[in-house]
Amino acid sequence: EEQEEDVLRELRLFLRNLTERLMLDRRFKAFTKPVDIEEVPDYLIVIQKPMDLSTLLSNIDEHKYVTVNEFMSDAYLIWQNALEYNPDRDPEDRHIRHRACALKDTMRTIIRHELDKDFQRVCEEIRESR
Ligand SMILES: COC(=O)N1C[C@@H]2C[C@@H]3O[C@]2(Cc2nccnc23)C1
């Protein structure tokens, strides 16, 4: 009902604000747009489910996420994909893995500090009711 749409609207505002803050962080520049398949032709052979911060934003606007956990499942793909595609000991791989870990930890910490637990539970109850 209307109150549920008010809750989901507030969830979208929180997730947009979180995602936009991450996009502004220079450490996370490699994660702001999809990996360029022209530049990296084998990327889609190695990575089944590409994800990036601009795609998360589009998903939010398309009302894809009813709970924070659904958003985090997609957001985790950014971190998992970076570890999977860049596994080697060379400095470039180590840099992007380090930044992917920082992205994941930053996201988890912002959510833990800034999203009310009762609010998350209401979102989960809406998901279970649909
Ligand atoms: C999230 O970003 C990534 O996983 N990657 C992996 C690719 C390998 C390396 O860095 C990336 C883009 C790129 N383009 C040209 C030449 N080499 C590269 C970004």
Side-chain angles (χ1 to χ4, degrees):
E1 79 260 20
E2 199 38 46
Q3 287 82 341
E4 288 190 358
E5 288 317 308
D6 293 339
V7 169
L8 297 183
R9 196 173 304 112
E10 186 169 343
L11 175 66
R12 290 194 295 274
L13 281 174
F14 174 82
L15 295 178
R16 272 191 208 97
N17 173 266
L18 167 58
T19 306
E20 284 160 0
R21 284 152 69 181
L22 296 168
M23 292 177 93
L24 292 173
D25 190 319
R26 293 201 331 273
R27 290 178 294 170
F28 306 142
K29 182 155 181 41
F31 310 119
T32 55
K33 290 275 185 287
V35 171
D36 185 334
I37 302 309
E38 261 112 73
E39 280 181 30
V40 191
D42 71 337
Y43 192 76
L44 293 182
I45 296 166
V46 177
I47 299 299
Q48 278 70 44
K49 293 175 75 179
M51 188 47 64
D52 69 280
L53 295 170
S54 69
T55 300
L56 286 178
L57 268 187
S58 303
N59 290 348
I60 293 163
D61 291 345
E62 290 162 13
H63 298 201
K64 178 177 179 182
Y65 307 121
V66 173
T67 68
V68 174
N69 289 342
E70 291 172 347
F71 170 85
M72 283 309 291
S73 295
D74 276 354
Y76 269 11
L77 287 170
I78 300 173
W79 164 67
Q80 291 158 342
N81 292 344
L83 300 192
E84 187 179 342
Y85 189 81
N86 308 280
D88 302 336
R89 66 144 316 275
D90 60 84
E92 291 70 34
D93 281 29
R94 286 193 165 150
H95 272 323
I96 199 156
R97 291 202 303 271
H98 177 78
R99 290 167 175 158
C101 295
L103 177 75
K104 174 181 62 88
D105 292 344
T106 304
M107 213 179 252
R108 288 286 303 264
T109 301
I110 289 174
I111 288 169
R112 191 161 49 81
H113 286 200
E114 299 184 22
L115 194 63
D116 181 90
K117 287 263 186 313
D118 292 337
F119 180 83
Q120 281 190 256
R121 199 166 306 113
V122 171
C123 293
E124 272 140 31
E125 269 140 34
I126 293 173
R127 169 50 80 213
E128 282 146 24
S129 76
R130 294 190 174 187

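Worth saying up front: this structure is predicted, and the values here are computed from it rather than measured.
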Inset, instruction - List the steps and the verdict of side-chain contact (heavy atoms from CB on, under 4.5 Å) for V66 and L8. - result: CA-CA 6 Å; V66 173; L8 297 183; 3.8 Å; yes
Legend entry - Hydrophobic cluster identity match, L18 and L13, side-chain contacts under 4.5 Å: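 In one cluster: no.
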Legend entry - Shared hydrophobic cluster for I47 and L44 (ILVMFWY, side-chain gaps under 4.5 Å):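 Same cluster: I47 reaches L44 through Ile, Leu, Val, Met, Phe, Trp or Tyr contacts under 4.5 Å.
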Over all atoms of both residues, closest heavy-atom pair of [X] and [Y]:
X    : Y   : result
E84  : V46 : OE2-O, 3.2 Å
R127 : K64 : NH2-O, 4.3 Å
T55  : P34 : OG1-CG, 4.3 Å

Just by modelled atom types, is the [Y] backbone N or O under 3.5 Å from a matching donor or acceptor in the [X] side chain?
X   : Y   : value
R97 : D88 : yes
T32 : F28 : no
D52 : S54 : yes
N59 : Y65 : no
D90 : D93 : yes

Report the distance from atom [atom1] of [X] to atom [atom2] of [Y], rounding to the nearest 0.5 Å.
X    : Y    : atom1 : atom2 : value
C123 : F14  : SG    : CZ    : 10.5 Å
M107 : I78  : CE    : CD1   : 5.5 Å
T19  : R12  : OG1   : CZ    : 13.5 Å
L53  : D25  : CG    : CG    : 10.0 Å
L15  : M72  : CG    : CE    : 10.0 Å
Y76  : L103 : OH    : CG    : 10.5 Å

Legend entry - Note: D105-R108 ion pair, threshold 4.0 Å (strictly below):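 R108 and D105: not salt-bridged.
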Legend entry - Carboxylate-amine/guanidinium proximity below 4.0 Å for R9 and E2: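 The answer is yes: the pair qualifies as a salt bridge.
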Inset, instruction - Just do the side-chain contact (heavy atoms from CB on, under 4.5 Å) check on M51 and L56 with the steps written out, would you? - result: CA-CA 7 Å; M51 188 47 64; L56 286 178; 3.9 Å; yes
Heavy atoms of other groups near [X] [atom1], more than 12 under 6.0 Å:
X   : atom1 : result
H63 : NE2   : yes
R16 : CZ    : yes
E1  : CD    : yes

Inset, instruction - Could you check L22 against F31 for side-chain contact (heavy atoms from CB on, under 4.5 Å), going step by step and ending with a plain yes or no? - result: CA-CA 9 Å; L22 296 168; F31 310 119; over 6 Å; no
Legend entry - Side chain proximity check, E124 to N69, heavy atoms < 4.5 angstrom: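 Touching, per the 4.5 Å side-chain cut-off.
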Inset, instruction - Answer yes or no: is there a side-chain heavy-atom contact under 4.5 Å between I60 and F71? - result: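 They are in side-chain contact.
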Inset, instruction - State which residues pass salt bridge (charged side-chain N to carboxylate O under 4.0 Å, His left out) with R94; sequence neighbours excluded, sorted by chain then number. - result: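 With sequence neighbours excluded, R94 shows a salt bridge (charged side-chain N to carboxylate O under 4.0 Å, His left out) to no residue whatsoever.
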Inset, instruction - Take Y85 and I96 through the side-chain contact (heavy atoms from CB on, under 4.5 Å) test and state the conclusion after the steps. - result: CA-CA 10 Å; Y85 189 81; I96 199 156; over 6 Å; no
Inset, instruction - Check the side chains of D36 and Y43 for a donor-acceptor pair under 3.5 angstrom, ignoring hydrogens and angles. - result: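 Judged by distance alone, the side chains do not pair up.
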